[in-house]
Amino acid sequence: MTDSLPTVISRNPADPADVLLRIPAPGAFTAVDTVERARAAQPGWLLAGAAARSAALGAVAAAVEAAADELAALAVREVGKPLAEARAEVARTAAIWRYYAQAPFEPTGAVHETAAGPGLLLTRRRPHGVAGLITPWNFPFAIPTWKAAPALATGNTVVLKPAPEATACAQRLGEIVQRALPEAVFTVLPGGATEGNALVSAADVVSFTGSTPVGRAVARAATARGIPVQAEMGGLNAALVLPDADIEQAAAHIAAAVSGYAGQKCTATSRVIAVGAALDPLREALSEALRAVPVGDPADPATVCGPLIHEYARDQVGEACRGLSVLAGGTVPDRSGWYTAPTLVEKVSPGHRLLREEVFGPVASLLAAEDLAHAIRITNSVPYGLVTSVHTADLNTALSGLDLLDTGMIRLNAPSTGVDFHLPFGGSKASSHGPREQGRAALDFYTSSRTYTLAPAGPAA
């Protein structure tokens, strides 16, 4: 077996000449060795006790808050995240560490009576060992955190393999975390597919966020080893707008969900389904809202739509929209960096790429539905099922249709984007594999349940 060592390069998408990082990838053997060092550190981390783990995670939260300005600026520079969103992500990152800092004191099991005779039955949840985390570039602090914090809280050690495009952010987060934890309890493993594959082959539990093809491959490899795995993958999310909705408010919410961070979120809206008489007013309001979105330098606090992560991503958006009827956008700003204007298209034929694949850019298709039932069929017709937003003034109408939507999350009169870290996160079909992330669901995922039978040592009296 030959271990190739390519280079990990991270560039500023707003200024591609600005190279943040250029390092050799460590390779598969180093990845496996990193897991083994984490495995050796895991028993000590668990036996340190709940108070030690809680204090460590709380210290990380405080350190993230203290470095908030620096971290936000780094996210702006490395992944092109608009400054307002970068600041919000850092604040959420600190909040997640603080939320899970209380988890070590949560009950880990229950006591039950035996069916007959003396003794006790106990259930107890225990950590798996080494958690291998593979994370994307679009939330370089929050996604590693909402995977690592519950894994650490429950007594696992962590090896984090970030996307190459977010390596500098991951390394800076790693420095902060490592100052609060014992050696080898949290390790950042830079690299690409080679290191990711090696991590999946060696870890005791795997959590992945990224594209659907890679996520499915990760799930297959982990399942073949018989280890727990979760994979959060793509989305082709719809916004349903009923005729009784506040059209201006719906347009504002949808425009934000299409264009925020250049549409580079798995929860971004990419299909807008106007029901009945909502079509004409929504077409006008949404087109106007998208044209008004501030596009530009992500370091500008007013920017909503910054650059895409790399040139290929920008070109994919243009290719997907070619030949379609464009209502707004469809242009590339004349400036350095990988930008494209927020785009709304209509008259998209069934089977078109935009209605089958996640393009991961600031583009949405406007579709018409005869009624709510038709809108639900359109929503459910794609391979993905992550999140749907529904815009209506009639709660009874919404409730009658919500359970028919084949998506893991439904947001009423709100953008499709947005995550509540204390509740389960995940989708259906090609959007997710395995148990949910975040909230208490994460504590269950990073532990396994054991049943103990305690019988008297001597003969019964």
Side-chain angles (χ1 to χ4, degrees), residues 6-23 71-86 88-90 134-144 161-173 190-193 196 208-215 232-236 257-270 293 295-300 303-321 329 332-333 335-343 357-364 417:
T7 302
V8 177
I9 302 174
S10 177
R11 297 180 184 274
N12 180 346
D15 179 10
D18 176 20
V19 178
L20 284 81
L21 178 144
R22 188 190 301 267
I23 59 173
L71 296 177
L74 182 57
V76 169
R77 183 182 171 206
E78 185 171 38
V79 300
K81 177 156 286 195
L83 181 58
E85 286 208 35
E89 180 182 347
V90 173
I134 301 174
T135 58
W137 47 263
N138 58 339
F139 287 88
F141 301 121
I143 292 181
K161 207 298 287 180
E165 297 90 340
T167 301
C169 286
Q171 289 184 334
R172 185 66 187 95
L173 178 64
F208 168 90
T209 298
S211 71
T212 297
V214 177
E232 290 301 330
M233 300 174 283
L236 198 57
V258 171
S259 61
Y261 193 23
Q264 298 174 120
K265 305 175 185 179
C266 61
T267 55
T269 295
S270 52
V293 169
V295 180
D297 184 353
D300 184 341
T303 293
V304 171
C305 183
L308 278 85
I309 189 65
H310 42 57
E311 185 175 19
Y312 175 77
R314 183 197 62 189
D315 292 346
Q316 286 297 295
V317 172
E319 177 66 28
C321 296
V332 175
R335 60 184 303 149
S336 174
W338 298 312
Y339 292 87
T340 190
T343 300
E357 303 174 16
E358 182 183 42
V359 174
F360 222 58
V363 56
T417 50

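Each residue takes its place number in the sequence, starting with 1.
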Among all residues two or more places apart in sequence or in another chain, which pass the side-chain hydrogen bond (donor to acceptor under 3.5 Å, both in side chains) test with [X]?
X	value
Thr303	none
Thr209	Lys147
Glu319	Arg322
Glu78	Ser10

Of all residues at least two apart in sequence or in a different chain, which pass the salt bridge (charged side-chain N to carboxylate O under 4.0 Å, His left out) check with [X]?
X	answer
Arg11	none
Asp18	Arg77
Lys81	Glu89

With sequence neighbours left out, what residues match [X] under side-chain contact (heavy atoms from CB on, under 4.5 Å)?
X	value
Glu358	Cys266, Phe360
Ala257	Thr269, Pro415, Ser416, Thr417
Pro307	Pro13, Ala14, Pro298, Tyr339
Val8	Leu21, Ile23, Ala25, Pro164, Thr167

| query | Taking atom CG of Leu236 and atom OG of Ser270, what is their separation to the nearest 0.5 Å? | reply | 4.0 Å

| message | Would you compute the distance between atom CD of Glu165 and atom CD1 of Ile9 and round it to the nearest 0.5 angstrom? | response | 11.0 Å

When you compare the side chain of [Y] with that of [X], does any pair of heavy atoms fall below 4.5 Å?
X	Y	answer
Gln316	Glu357	no
Pro162	Trp137	no
Leu83	Asp300	no
Asn12	Leu20	yes
Ile143	Asn138	yes
Leu71	Pro140	no

Can you name the closest pair of heavy atoms from [X] and [Y] and give their distance?
X	Y	result
Thr343	Cys321	CG2-SG, 4.1 Å
Ala168	Leu74	O-CD2, 3.8 Å
Gly263	Ala268	O-CB, 3.7 Å
Gly361	Leu308	CA-CD2, 4.2 Å
Val79	Ala166	CG1-CB, 4.1 Å
Val76	Pro82	CG2-C, 4.3 Å

